[in-house]
Student: 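Below you'll find the structure I mean.
Each residue takes its place number in the sequence, starting with 1.
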Amino acid sequence: MENKEFKKRETKSTYSINGRNFQINSYDPMVGNYIMMQIVSQVMPMGLGRMLNQEFGTESIPSVGSEAVPMMSKRDFIQLQVDILSTVYELYDTGEKSPVVRENGTYGVADVNMMMIMKLLIASLAFNFKDFFDAVPSLKGSIGGKISNLVNTKT
């Protein structure tokens, strides 16, 4: 039997924004699958669904803009953001940490702004789905490469 080394999957990463440090943790697998389907079918730019369908030889993923994909409601979009940020915490110099968004949708950290939330959303998705985008050759050079660059970067 061949001895193979398995690369241990990262379960957390640190991301910095304007001198503030955040810990991004892995999603629960089922929540991660739900988020991925929402992102692929409703949120990503037009054409991603078609690219994935071509890569996997299926028509099961509707493309954004098709009649099969209705516009996401405001409530659903806000809940998706809460789900994506559910594993992100701000790290403090004291060693304490606080959730960026609590389960009820309220902010758990101070001085929240739109750009910070946008960067944390992208960083959380990049960290949690980098393996997915790297596994799809047609996406690796375009989306996967950009996503890989976001993970573990400090801005």
Student: So how far is it from S13 OG to K130 NZ, rounded to the nearest 0.5 Å?
Tutor: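 Separation between the atoms: 6.5 Å.
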
Student: Is it true that R20 and E90 make a salt bridge, defined as a side-chain N closer than 4.0 Å to a carboxylate O?
Tutor: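 Counted as a salt bridge, because a side-chain N and a carboxylate O are separated by less than 4.0 Å.
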
Student: Say whether T14 and N21, considering side chains only, have a donor N or O and an acceptor N or O under 3.5 Å apart.
Tutor: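 Looking only at side-chain atoms, N21 and T14 do not form any donor-acceptor pair under 3.5 Å.
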
Student: Does the separation of the ring centres of Y34 and Y27 fall below 6.0 angstrom?
Tutor: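 That pair fails the under 6.0 Å test.
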
Student: Measuring from M118:CE to M114:CE, what's the distance to the nearest 0.5 Å?
Tutor: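 Output value for this atom pair is 6.0 Å.
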
Student: So do the side chains of I39 and L80 get within less than 4.5 Å of each other, counting heavy atoms only?
Tutor: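 Counting from C-beta outward, I39 and L80 do come under 4.5 Å.
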
Student: Just by distance, do the side chain of D76 and the backbone of M72 share a donor-acceptor pair under 3.5 Å?
Tutor: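 Looks like no, no N/O pair under 3.5 Å.
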
Student: Compute whether any side-chain donor of one residue and acceptor of the other, for Q81 and D83, lie under 3.5 angstrom apart.
Tutor: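 Absent: no donor and acceptor within the cut-off.
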
Student: Can you measure from OG (S86) to CD1 (I35) and round to the nearest 0.5 angstrom?
Tutor: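 CD1 of I35 is found 6.0 Å from OG of S86.
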
Student: Could you point out which residue of I24, N25, V100 forms a side chain to side chain contact (heavy atoms under 4.5 Å, CB included) with Y89?
Tutor: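 Single side chain to side chain contact (heavy atoms under 4.5 Å, CB included) partner of Y89 among I24, N25, V100: N25.
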
Student: List the atom of K97, the atom of L91, and the distance in Å for their closest heavy-atom pair.
Tutor: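 Here K97 and L91 meet closest at CB-CD2, 3.8 Å.
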
Student: Please round to the nearest 0.5 Å and tell me the distance separating atom CG of L120 and atom OH of Y15.
Tutor: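 Between L120 CG and Y15 OH, I get 7.0 Å after rounding to 0.5 Å.
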
